[in-house]
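What follows is a single structure, written as structure tokens, with notes after it.
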2 protein chains.
Amino acid sequence: MVRTSNARQDAVEAAVRLFRTQGYSATGLTQLLEESGAPKGSFYFHFPGGKEQLALEALQVFGSELRGRIQRRAAATAPGDEPAFVRALFEATARELEASDYTAGCVASNLGGELSSGNRTIADAVNGAVQSWVEAIADGVANRFETREAAITYAATVMASLSGMRTMARAQRSTAMFAAIADVLVTSLPPAPAKKSGSDTN
Amino acid sequence: MVRTSNARQDAVEAAVRLFRTQGYSATGLTQLLEESGAPKGSFYFHFPGGKEQLALEALQVFGSELRGRIQRRAAATAPGDEPAFVRALFEATARELEASDYTAGCVASNLGGELSSGNRTIADAVNGAVQSWVEAIADGVANRFETREAAITYAATVMASLSGMRTMARAQRSTAMFAAIADVLVTSLPPAPAKKSGSDTN
DNA sequence: ACCATATTATGGTGATTGCCATAGTGTACC
DNA sequence: GGTACACTATGGCAATCACCATAATATGGT
């Protein structure tokens, strides 16, 4: 119960929202604090690391939210249902884009594009978030692959496609391609294994 | 030879370079003009539309350069060599990233991420560039598909994966995944057609 | 009631942002 | 040699940038 103040959380949530729609550099601290309702006076009390610290926390929050959503879908995927799992990932992204009128970008993608070249700390955090999503996707398709490495490779392909499609769809203001592209990726999913139950003794 | 001044071209080239590594908002006009050697006094003479016009021209230049590279590879692709074409696209992106020490981002991706939500003009230009790349990729794999639509869908998948992988690789400072991901996409390439020569009368 | 700490207000720092008006210089053509 | 036009220098615009020092206030535990 310690102390009560939602200023910190408000600021981070606003950062997530704004970094998604306009990126890092275009988002000023003033706009951020105004929209969040958080007081300006306490910003450097809560975030002594300044704007960069805020970005790291926003990345963390956005990262684990998305990871949670993927993990939930992966856990609900029965052996054999992997195609539906892959399709659901694209479907969910498409719905989110439509619901947001194509403003829902990706924090990791935006921060990465602007800061990967010059800020190793942020680059590492971006990479960490992305890798956690890849792992979660790999969990959802693991049954189709013999090695973890192969599952990771496939999951990375799905992740890259999702990220790239999000960017393309935002510019195009259309989600028309999502379903068809999910089909392409389902095509390269290996057939379900014979389940080591018996008949394949060699 | 009308007039001679490379100020315009210098500015656009610097814009391409800087928008690739740090994006739009993080790139100030001062930095841009300093690095390009172009004089500050004539900026609004050459670009009355200001920074946005510069962005549109940078997008145009970057877009047609990349399209040219894809088209050249597509034209050099013999029927049956489509897997090599797809692999070459990933290979080229990987080499470019390594050569630039992972600073070589994508102008369209960066401008899209920062401005798609609020600037329809830029969003349309981004979409135009991306669609031209998709078309060019589709030309390179056309032999494997019965309809143009199917080729475009596959090409869009490749494009999205390339874009997403570029972002991921920049944050990770590694191109280790590129070859394996190209393999995944080659897997979902349909087999070469029987070449309407004879044996398939039905 | 008191103290320690958590949180915020206020007001300002210098630097930089994109943009522009005005004046001037260069070169080409007649 | 003079006119027209392409180009650039200069200087400054108001606005915003991230950041911070200082002081005031709120709120907890004791």
Side-chain angles (χ1 to χ4, degrees), chain A residues 1-19 21-59 107 110-111 114-115 117-122 125, chain B residues 1-19 21-59 107 110-111 114-115 117-122 125:
Chain A
M1 245 332 85
V2 282
R3 296 299 178 157
T4 164
S5 167
N6 42 3
R8 248 196 82 100
Q9 188 180 345
D10 288 348
V12 175
E13 282 171 4
V16 170
R17 186 164 23 96
L18 291 172
F19 290 165
T21 66
Q22 19 177 353
Y24 181 79
S25 303
T27 302
L29 257 13
T30 355
Q31 178 193 13
L32 202 145
L33 293 172
E34 270 174 9
E35 291 206 9
S36 71
K40 338 192 174 200
S42 59
F43 179 78
Y44 287 92
F45 168 78
H46 293 295
F47 306 95
K51 201 183 178 185
E52 174 173 331
Q53 180 184 352
L54 183 64
L56 288 170
E57 300 204 16
L59 203 40
V107 177
N110 287 346
L111 295 193
E114 301 180 56
L115 304 170
S117 297
N119 189 323
R120 195 66 66 90
T121 309
I122 298 258
Chain B
M1 245 336 87
V2 281
R3 294 300 177 153
T4 163
S5 168
N6 41 6
R8 246 196 85 99
Q9 189 180 346
D10 287 348
V12 175
E13 283 171 5
V16 170
R17 185 163 25 95
L18 291 172
F19 290 166
T21 67
Q22 24 178 7
Y24 181 80
S25 302
T27 302
L29 257 10
T30 345
Q31 179 193 14
L32 202 145
L33 294 173
E34 271 175 8
E35 291 205 9
S36 71
K40 336 193 175 200
S42 59
F43 180 78
Y44 286 93
F45 169 77
H46 294 294
F47 307 94
K51 199 182 178 185
E52 174 173 331
Q53 179 184 351
L54 182 64
L56 289 171
E57 301 204 15
L59 203 42
V107 177
N110 287 346
L111 294 194
E114 300 181 54
L115 304 171
S117 296
N119 188 323
R120 194 66 65 91
T121 308
I122 298 261

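The chains referred to below are lettered A, B, ... by the order of the sequence lines, with proteins before strands, and numbering in each begins at 1.
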- Message: Please enumerate all residues that pass side chain to side chain donor-acceptor pair (under 3.5 Å) together with B/E34, with sequence neighbours excluded.
- Response: none

- Item | Contacts of type side chain to side chain donor-acceptor pair (under 3.5 Å), residue A/T21, not counting sequence neighbours | none

- Task: Enumerate the residue pairs fulfilling ring-ring contact (aromatic ring centres under 6.0 Å, His included) with a member in residues 26-52 of chain B, sequence neighbours excluded, ordered by first and then second residue.
- Result: B/F43-B/F47

- Message: Does C/dA6 have its OP1 or OP2 closer than 4.0 Å to a side-chain nitrogen or oxygen of A/H46?
- Response: no

- Base-contact (B) and sugar-phosphate-only (S) positions in nucleotides 9-23 of chain D, heavy-atom cut-off under 4.0 Å, - elsewhere: BB------SSBB---

- Qualifying residues under salt bridge (charged side-chain N to carboxylate O under 4.0 Å, His left out), relative to A/E57, sequence neighbours excluded: A/R8

- Query: Mind checking what makes salt bridge (charged side-chain N to carboxylate O under 4.0 Å, His left out) contact with A/E35, not counting sequence neighbours?
  - Reply: A/R17

- Nucleotide C/dT8, atom P - distance to CZ of A/F45 in whole Å: 8 Å

- Query: Tell me: CG of B/N6 to C1' of D/dA6, nearest whole Å?
  - Reply: 14 Å

